[in-house]
4 protein chains.
Amino acid sequence: MQYSIRPATGVPIYQQLRDQIAAGIARGKLRPNERLPSVRDLSQTMVVNPNTIARAYTELEREGLLYTRPGLGVFVAEAPAPASKKVRRERLQKSLDALLVEAVQLGCSSDELMELVAERAKQFEWAESTAG
Amino acid sequence: MQYSIRPATGVPIYQQLRDQIAAGIARGKLRPNERLPSVRDLSQTMVVNPNTIARAYTELEREGLLYTRPGLGVFVAEAPAPASKKVRRERLQKSLDALLVEAVQLGCSSDELMELVAERAKQFEWAESTAG
Amino acid sequence: MQYSIRPATGVPIYQQLRDQIAAGIARGKLRPNERLPSVRDLSQTMVVNPNTIARAYTELEREGLLYTRPGLGVFVAEAPAPASKKVRRERLQKSLDALLVEAVQLGCSSDELMELVAERAKQFEWAESTAG
Amino acid sequence: MQYSIRPATGVPIYQQLRDQIAAGIARGKLRPNERLPSVRDLSQTMVVNPNTIARAYTELEREGLLYTRPGLGVFVAEAPAPASKKVRRERLQKSLDALLVEAVQLGCSSDELMELVAERAKQFEWAESTAG
DNA sequence: GTGGTCTAGACCACA
DNA sequence: GTGGTCTAGACCACC
């Protein structure tokens with residue numbers, strides 16, 4: 001997988017990397033138990049300090065998306081047990097509102113937004129069933 | 001209009017204010033050419049440093065959402081020329097992907113997400129027509 | 001509050017500090033919305049690198065025990081909404097088993113352990129009611 | 001005796017094995033002077049590097065829980081002289097406080113914790129008497 | 001070889 | 001003044 005960092009955005013490098021890895025897992029580009037590049041390798045490839053790479057990995061491990069096998073490397077975790085419907089709604093609220101505010105400010109119609117969401121959603125890997 | 005600041009979130013105060021004003025304009029609660037409270041007044045009402053209020057106003061002016069008439073105060077700008085469909089899509093891509101990644105990781109199904117978006121979208125004020 | 005670090009234990013400094021602050025909050029020595037010493041001050045007092053202090057604070061913020069007000073400092077958060085009984089049991093399992101294994105290995109009797117727990121528990125601040 | 005290793009936990013493999021053997025001894029599943037599987041056999045059974053098995057055995061020998069008869073294998077040691085009550089209390093303090101801090105932060109009541117401890121304690125094998 | 005911890009010191013955003 | 005990010009480089013534990 002390829003990672004692209006834009007230093008001028010103000011978004012921290014470790015965050016950009018974290019987001020791209022998380023997206024890779026969500027979209028199925030990174031499979032469970034797949035090994036990620038080592039901190040040292042990736043830091044050389046991306047021309048970024050090893051600590052910064054390590055921080056992205058650490059964040060993702062805390063979130064349960066990666067796990068570390070000491071001495072062996074960092075790996076993609078199995079998909080976690082699904083949260084309840086209520087929890088899902090609460091957690092998504094913030095990102096959803098951010099999207100809606102942006103859409104409104106851009107003069108995007110409701111229909112256009114729904115279409116855009118549906119379109120993009122096809123490219124993601126969805127769980128087959130959903131717990132209540 | 002009323003503004004609510006949550007100090008414990010880590011989101012800078014000036015940005016919380018900026019977002020609430022921007023949302024107010026987008027949702028029509030603040031009308032073009034309406035005058036906003038003065039920096040001094042608002043800083044007293046909200047018990048916040050005047051510099052912080054000023055910064056929120058400055059950001060919004062830079063974005064073209066407000067304009068200043070020296071000696072008279074700060075006002076809501078006219079609605080800007082709508083962006084092209086292509087530009088809208090590009091701008092929304094980032095927030096949309098963030099939402100989708102979160103949804104997938106929460107084990108939220110595609111249908112459930114669409115339903116959630118549609119539901120919440122009803123509560124926003126949309127432009128009636130959309131330029132291409 | 002006073003913090004004591006034992007460098008020879010193998011337990012990371014940032015962890016020791018984290019644990020002591022967490023204990024301070026649990027035992028009521030640190031009150032909600034109380035301000036903690038600044039990273040720079042504490043790093044001088046404890047003769048530890050500022051990054052190490054910052055890491056302890058960051059961990060606690062992620063856990064929801066502290067919050068940061070940008071430019072002002074770090075503060076103790078309000079007590080969070082209680083978890084369900086089932087969740088509580090699961091989360092405590094690990095620490096509880098560690099305690100029991102240790103007790104057994106030391107040749108401590110079951111009664112003696114219960115007595116020890118009861119004794120020490122009196123010194124902690126307990127929630128008045130418990131959600132199911 | 002069966003050993004189960006969870007690679008995704010971040011806990012070193014040698015330590016997981018060490019803990020399970022120690023617990024086995026404490027709970028009487030492994031009897032004094034009983035022979036343990038050879039490093040080579042166990043490393044094959046568990047699909048783990050022999051060095052890792054050896055390290056677990058070495059640690060336990062250092063702690064006095066195992067002893068080696070060169071050319072014959074590794075054996076469970078006799079039960080050690082019980083620690084004094086004071087020593088037991090001191091040693092348990094740390095784990096106990098960790099448990100209490102967690103319980104408080106989870107909103108677990110004092111009674112609920114005592115009940116939980118008592119319940120779980122029944123499943124452990126306790127020494128019949130305790131020296132002072 | 002792997003990641004984890006700690007130090008030192010620079011730079012930036014926020015109030 | 002506050003904390004947050006990033007770099008540089010050292011040392012350790014694990015496999």
Side-chain angles (χ1 to χ4, degrees), chain A residues 5 7-17 35-43 46-62 66-75, chain B residues 5 7 10-17 43 47-56 59, chain C residues 5 7-18 35-43 46-61 66-75, chain D residues 5 7 10-17 43 47-56 59:
Chain A
I5 296 306
T9 20
V11 182
I13 296 174
Y14 81 91
Q15 267 283 4
Q16 295 185 41
L17 181 55
R35 187 174 172 277
L36 270 66
S38 83
V39 168
R40 289 159 171 73
D41 281 1
L42 196 50
S43 86
M46 295 177 62
V47 198
V48 159
N49 188 291
N51 285 332
T52 307
I53 308 288
R55 177 155 185 192
Y57 282 4
T58 307
E59 297 257 306
L60 287 159
E61 183 166 8
R62 218 182 16 239
L66 301 181
Y67 64 93
T68 300
R69 293 184 56 183
L72 292 181
V74 176
F75 301 80
Chain B
I5 298 303
V11 181
I13 295 173
Y14 85 91
Q15 202 164 40
Q16 295 187 42
L17 181 56
S43 88
V47 198
V48 160
N49 192 306
N51 289 331
T52 308
I53 308 287
R55 173 145 190 198
E59 295 258 309
Chain C
I5 297 305
T9 18
V11 182
I13 296 174
Y14 81 91
Q15 268 281 5
Q16 295 186 41
L17 181 56
R18 193 235 127 218
R35 186 174 173 279
L36 270 67
S38 82
V39 169
R40 288 159 173 73
D41 281 0
L42 196 51
S43 87
M46 295 177 63
V47 197
V48 160
N49 188 292
N51 286 332
T52 307
I53 308 289
R55 178 156 184 190
Y57 282 5
T58 307
E59 297 259 306
L60 287 159
E61 182 166 9
L66 301 181
Y67 65 93
T68 299
R69 292 183 57 183
L72 292 180
V74 176
F75 301 80
Chain D
I5 297 304
V11 182
I13 295 173
Y14 84 91
Q15 202 164 39
Q16 296 186 42
L17 180 56
S43 88
V47 198
V48 159
N49 192 307
N51 290 331
T52 307
I53 308 286
R55 172 145 189 200
E59 295 257 309

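Quick caveat: nothing in here was measured; it's all calculated off a predicted structure. Quick note on labels: first sequence line is chain A, next is B, and so on, each numbered from 1.
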Whichever of Gly71(A) and Asp41(C) has its nearest DNA chain F nucleotide further upstream toward 5': Asp41(C)
For chain C, the stretch of DNA chain F it reaches, first to last nucleotide, under 4.0 Å of its heavy atoms: dG1(F) to dC6(F)
Listed partners of Thr68(A) passing side chain to side chain donor-acceptor pair (under 3.5 Å), at least two apart: Glu61(A)
Short side-chain to backbone donor-acceptor contact, Arg35(C) and Leu72(C), under 3.5 Å: yes
Atom pair distance, as rounded to whole Å: CG in Leu17(B) and C1' in dA15(E): 15 Å
Residue list, salt bridge (Lys or Arg N to Asp or Glu O under 4.0 Å) with Arg69(C), at least two apart or on another chain: none
Tyr14(B): ring pair (Phe, Tyr, Trp, His ring centres under 6.0 Å) partners, not counting sequence neighbours: none
Minimum heavy-atom distance Gln16(A)-Thr9(A), with the two atoms named: NE2-OG1, 3.4 Å
Touch class at under 4.0 angstrom, heavy-atom based, for Val48(B) against every strand present: nothing
Base-pair map of DNA chain E as dot-bracket, where | denotes pairing with a different strand and pairs are Watson-Crick or G-U under 3.5 Å: ||||||||||||||.
Interatomic spacing from OG1 in Thr52(A) to CD1 in Ile13(A) - rounded to 0.5 Å: 6.0 Å
Earlier contact from the 5' end, DNA chain E, for Pro12(B) and Asn51(A): Asn51(A)
Least distance between heavy atoms, Leu42(C) atom then Tyr57(C) atom: CD2-OH, 3.5 Å
Option among Asp41(C), Thr58(C), Val74(C), Val39(C) that satisfies the side-chain contact (heavy atoms from CB on, under 4.5 Å) test with Ile53(C): Val39(C)
Earlier contact from the 5' end, DNA chain E, for Tyr14(B) and Tyr57(A): Tyr57(A)
Sugar-phosphate, base or nothing in reach of Gln15(A), heavy atoms under 4.0 Å: nothing
Sequence-distant partners of Glu59(C), salt bridge (Lys or Arg N to Asp or Glu O under 4.0 Å), two or more places apart: Arg62(C)
Spacing between Gln16(B) atom CD and dA13(E) atom C1', to the nearest angstrom: 15 Å
Along DNA chain F (nearest heavy atom to each residue), the more 5'-positioned of Thr52(D) and Val74(C): Val74(C)
Sugar-phosphate, base or nothing in reach of Arg55(B), heavy atoms under 4.0 Å: sugar-phosphate
